[in-house]
Amino acid sequence: MPELPEVETIVRSLGPGLRGRVIDRAELLFKPLLRRRPGGGLAGLAGRRVLGARRRGKLALLAFEGGWTLVFHLKMTGQLLLVDGREAPDKHTRLIIRFRDGGPELRFRDVRKFGFLLCVSGVPEESCPELSSLGPEPLDITLEDFRRILRPRKGRIKSLLLDQTVIAGIGNIYADEILFDSRVHPETPAAALSAKAVARLWGSTRKILTSAVEAKGSSLSDYVDADGQPGSFQFFHKAYGREGERCGRCGASIRRVVVGGRSTFFCPKCQRKRRARMQVAQKVSL
DNA sequence: GCCACTGTTAGCAT
DNA sequence: CATGCTAACAGTGG
């Protein structure tokens, strides 16, 4: 489930262990992993020093001296791990990068083989569409801009939160948690959201993603950080994966439906489609 | 064994 | 263009 909080955690746990080290060689064990190599291929990595690791959307970027960058997408089951080279790699290891100091090596593991790697020379935002097509970062965008990107959209809000060209880094788990927190029904057309609902959605996005980063992400099956440590945000999920359990706010039973082909968990009572109207009616009757 | 399901998204159909 | 569905892969659980 590497979404924004998981990729952020991976990148943070990678930086201190990689910065300043010089590559000896890279061994590509699964050729299709390397989707493009405008920079000339992985052989050219030998002798290059790591400058740092950063994140954009769900992509992890490793920057090297000389303007080279490795861009990883972990998709569903990808892992970036720092491990002792004496440990034998398993059959899911797709790439190994060794360093001249003989210290821990960087391995990319990916059970389902959906992940990919790009090797780029120059500014990656300028040369790869995988980066330039991404929408704004959800933790950087202002409420005003958030309104602006949702207003013209006809689609269902959940599908839009998952659309990386609209906003980058949110996946299925955090979309459900954000919608639950903001009490917005996942199937609400974006254009139909009230100004208040959009403001709550923006606030919940910041709140959920920030606390998920603090908890080092959600570990449900494969995700661990570069040191092999799981995150703990799964213990704080209030909607995702909780079908049939009690809603922590109102006690109703959490439901599972399919929205845009994705499992969607929500509270049918807290997250109503025409909530604003109902509330007015209730207030009046009081 | 078979079928349904899984965190993502590119690519195709509508 | 926007939106919706499926396949790509491997593993797991019923």
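All figures in this text were calculated on a predicted structure; none of them were measured in a lab. Reminder, nothing fancy here: chain letters follow the sequence lines and each chain counts from 1.
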**Asked** Can a cation-pi geometry be assigned to A/Arg242 and A/Phe266, taking NZ or CZ under 6.0 Å from the six-membered ring centre and within 45° of the ring axis?
**Response** no
**Request:** Round to a whole Å and report the spacing from CZ of A/Arg262 to C1' of C/dT3.
**Result:** 16 Å
**Asked** Can you tell me how far P of B/dT8 sits from CG of A/Asp222, to the nearest Å?
**Response** 12 Å
**Asked** Within the structure shown, what part of the strands sits under 4.0 Å from A/Arg256 by heavy-atom distance: base, sugar-phosphate, or nothing?
**Response** sugar-phosphate
**Request:** Grab the NZ-P distance between A/Lys58 and B/dA10 for me, whole Å please.
**Result:** 10 Å
**Message:** Is the terminal nitrogen or CZ of A/Arg48 (NZ for Lys, CZ for Arg) located under 6.0 angstrom from the six-membered ring centre of A/Phe64 and within 45° of that ring's axis?
**Reply:** no
**Message:** Could you work out, with ring-ring contact (aromatic ring centres under 6.0 Å, His included) as the rule, every residue matching A/His237, not counting sequence neighbours?
**Reply:** A/Phe233
**Prompt:** Between atom CZ in A/Arg153 and atom P in C/dT3, what is the gap in whole Å?
**Reply:** 5 Å
**Message:** Just to be sure I understand the geometry, which residues of residues 155-166 of chain A put a non-hydrogen atom under 4.0 Å away from DNA chain C?
**Reply:** A/Gly155, A/Arg156
**Message:** Checking A/Glu144 now: which residues fulfil side-chain contact (heavy atoms from CB on, under 4.5 Å) with it, not counting sequence neighbours?
**Reply:** A/Thr142, A/Arg148
**Item:** Which nucleotide in C/dT3, B/dT9, B/dT6 has an atom nearest any side-chain atom of A/His73
**Value:** B/dT9
**Complete:** To the nearest angstrom, the CG-P distance between A/Leu220 and B/dT8 comes to 11 Å
**Item:** Pairing residues for A/Ala199 by the side-chain contact (heavy atoms from CB on, under 4.5 Å) criterion, not counting sequence neighbours
**Value:** A/Leu143, A/Arg147
**Message:** Suppose we screen for side-chain contact (heavy atoms from CB on, under 4.5 Å). Which residues come up paired with A/Phe114, at least two apart in sequence or across chains?
**Reply:** A/Lys75, A/Met76, A/Arg112
**Item:** salt bridge (charged side-chain N to carboxylate O under 4.0 Å, His left out) partners for A/Lys58, two or more places apart
**Value:** none
**Message:** According to salt bridge (Lys or Arg N to Asp or Glu O under 4.0 Å), does anything in residues 204-227 of chain A pair up with another residue at least two apart or in another chain? List the pairs.
**Reply:** A/Asp181-A/Lys207
**Test ring-ring contact (aromatic ring centres under 6.0 Å, His included) applied to A/Phe265 - qualifying residues, sequence neighbours left out** = A/Tyr240
**Item:** Results of salt bridge (charged side-chain N to carboxylate O under 4.0 Å, His left out) for A/Glu243 - residues two or more places apart only
**Value:** none
**Prompt:** How would you label the contact of A/Phe116 with the nucleic acid (heavy atoms, under 4.0 Å): base, sugar-phosphate, or nothing?
**Reply:** nothing
**Asked** When you check every protein heavy atom under 4.0 Å of nucleotides 7-14 of chain C, what one-letter string (B, S, -) results, 5' to 3'?
**Response** -BBBS---
**Request:** Give the rounded distance in Å between these two atoms: CD1 of A/Ile173 and P of B/dC5.
**Result:** 18 Å
**Prompt:** What's the CD-P distance between A/Gln234 and B/dT6, to the nearest Å?
**Reply:** 18 Å
**Request:** Using the P atoms only, state how far C/dG11 lies from B/dA10, rounded to an integer number of Å.
**Result:** 24 Å
**Item:** Watson-Crick or G-U stems involving DNA chain B, each at least 3 pairs long, distances under 3.5 Å, ordered by first number
**Value:** B:2-6 with C:10-14, B:8-14 with C:2-8
**Request:** Could you tell me whether A/Phe72 and A/Phe108 have their ring centroids closer than 6.0 angstrom?
**Result:** yes
**Residues in salt bridge (charged side-chain N to carboxylate O under 4.0 Å, His left out) contact with A/Arg98, at least two apart in sequence or another chain** = A/Glu27, A/Glu105
**Asked** What nucleic acid atoms does A/Ser263 come within less than 4.0 Å of, heavy atoms only: base, sugar-phosphate, or nothing?
**Response** sugar-phosphate
